[in-house]
Amino acid sequence: MNGSTVSPGATVNNKPKAPISLKCSVLLLAKYSGLFALARILTARKTRILAYHGIWLGRSHFGNFLYMSADKFAARMALLDKWRYPVVPLADLSSNKRRRCATVITIDDGWYSTWAAMLPALERHNYQATVYLTTYYCLKQVPVIDVALSYCFRTVDTDKGSTLHLPEYDFGHVRIDTDAARHVALKSAQDICASLDDDRARQRFLKAVCEETGIDHEEFAAGRWFHLMNSVEVRDAATRGITFEAHTHHHGVTHRGQDSLAEEISTNSEWIRELTGKAPEHFCYPSGRYSLDLWPVLDKCHMASATTTNTGLVSKRTPRYAMPRIMDGQDVSELEFEAEMSGFMELLRVARGVSKGAG
């Protein structure tokens, strides 16, 4: 650098240095003043349940909590090792001898990329993990329609047109030239999909959307970007440290507008038993659709626990059908991840709750 220095606000390689956010500043101060270390001691009896989904296999990046890059997931697993958080199976939560700062790794849905990219990273550290498997698309082996449609509308090339029109589906002309317009168009497309008779018709609709938006359907279908594991991959993962638990068959607590959680869990459990030789004992609410009204159904289905998308740590007083998790995602920084794992963010949430109660 020839002895030169870079002044605040200057550019490096013509890129402006990003300002440090207020949240980041507070977390850095907390970390280096020893509050992260103190929080870890104070919350050591609480369990950390990490929540992941899949790995993004395409170009650029799509999704935050839905997809993470393979490198970032591998780095997260290395951090757990570096920071000495003991990774334990989900079944250990029922034990009276929980390890201090015990950490459970859960992965929702059962994406193909979980088998292809997450499992090798887990094996490098000899980590066991729980996959909450939804079985309909596991058996069908076609792109998960809602997620693929979302990708199409979020990555559409608007230079090819500002509207979308599919006359054979009575769809359009729908604007797609702004984020807000694409959100509305996606909702309309999902409504049309829900009205179609079967999955073949829905997959044809997806291809039609791809053709009109300039998305390469063959590329993402061949790369299995939006596929779940197939039966062979599920069986293989079950021999390599993955425990499969219930996540409903159709990824929902209703089907065709009717309450169907008991049937969804029953079908889901039967297929998981068929694929792995072991019936699931734990449950994860699909899409975070958590409700106290569902607890009696879970009890009748003999589920030992249920995890949510609420953020927090698990104590012995946590209701077994309302276990929070730490939602990790592509846009979550290492500092934010460390703040959650240390328990610092948990103590902040408790303090805010007490403050609101006092007010």
Side-chain angles (χ1 to χ4, degrees), residues 49-58 63 66-78 80-81 87-93 103-145 147-148 199 219-251 264-284 286 303-305 307 325 328:
I49 304 181
L50 287 167
Y52 295 97
H53 286 80
I55 297 296
W56 180 238
L57 300 176
L66 183 59
Y67 293 117
M68 179 180 275
S69 72
D71 287 345
K72 188 157 193 172
F73 180 75
R76 288 291 203 251
M77 297 302 100
L80 295 180
D81 196 353
V87 174
V88 302
L90 179 63
D92 279 15
L93 292 191
T103 300
V104 175
I105 299 170
T106 66
I107 307 170
D108 293 4
D109 304 331
W111 297 96
Y112 159 70
S113 59
T114 297
W115 177 80
M118 286 180 155
L119 183 51
L122 291 165
E123 288 180 316
R124 281 196 290 273
H125 299 278
N126 197 29
Y127 288 162
Q128 298 182 56
T130 293
V131 169
Y132 293 111
L133 179 67
T134 182
T135 40
Y136 177 80
Y137 280 106
C138 168
L139 303 171
K140 284 288 184 180
Q141 282 303 298
V142 292
V144 177
I145 196 78
V147 180
D199 202 60
E219 180 184 31
F220 72 65
R224 298 177 69 190
W225 299 0
F226 307 115
H227 280 61
L228 299 191
M229 295 183 220
N230 61 34
S231 58
V232 173
E233 290 152 358
V234 169
R235 290 188 178 101
D236 176 64
T239 68
R240 296 166 61 187
I242 298 296
T243 300
F244 288 91
E245 301 293 350
H247 199 37
T248 73
H249 185 58
H250 291 96
H251 200 263
E264 284 287 322
I265 291 177
S266 176
T267 303
N268 187 219
S269 297
E270 287 174 9
W271 277 113
I272 290 174
R273 187 191 303 109
E274 173 71 21
L275 293 171
T276 69
K278 182 179 180 297
E281 300 175 349
H282 302 271
F283 179 75
C284 176
M303 291 292 108
S305 73
T307 52
R325 295 185 288 175
D328 198 7

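Because only heavy atoms are used, hydrogens play no part in the values below, and waters and symmetry mates are left out as well, while side chains stay in. Numbering starts at 1 and runs along the sequence shown.
Here the rule is ring pair (Phe, Tyr, Trp, His ring centres under 6.0 Å) with W111, and of Y67, F73, Y132 only Y67 fits it.
In this view, T243 satisfies the side chain to side chain donor-acceptor pair (under 3.5 Å) rule with no residue, not counting sequence neighbours.
Residues D109 and H247 have side chains that bring a donor and an acceptor to within less than 3.5 angstrom of each other. A donor-acceptor contact closer than 3.5 angstrom is absent between the side chains of Q141 and H227. At a cut-off of 3.5 Å, with distance as the only test, a side-chain donor of T106 or R325 sits close to an acceptor on the other residue.
Heavy atoms of other residues, nucleotides or ligands lying less than 6.0 angstrom from CH2 of W56 number more than 12. Applying the 6.0 Å contact sphere to NZ of K140 captures no more than 12 heavy atoms from other residues, nucleotides or ligands.
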Item to complete: Please report the C-alpha distance between L133 and W271 in whole Å, then the side-chain angles of each, then the deciding distance to 0.1 Å, and finally whether the side-chain contact (heavy atoms from CB on, under 4.5 Å) criterion is met.
Response: CA-CA 10 Å; L133 179 67; W271 277 113; over 6 Å; no
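Nearest heavy-atom pair across Y112 and G223 is CE2-O, 4.1 Å. V104 approaches P89 most closely through the heavy-atom pair CG2-O, 4.1 Å.
The list of side chain to side chain donor-acceptor pair (under 3.5 Å) pairs with a residue in residues 115-128, not counting sequence neighbours, reads D81-H125, W115-D236, E123-R240.
T267 OG1 to Y136 OH: the interatomic distance, rounded to the nearest 0.5 Å, is 12.5 Å.
Side chains of I55 and T114 form no contact here, defined as non-hydrogen atoms less than 4.5 Å apart.
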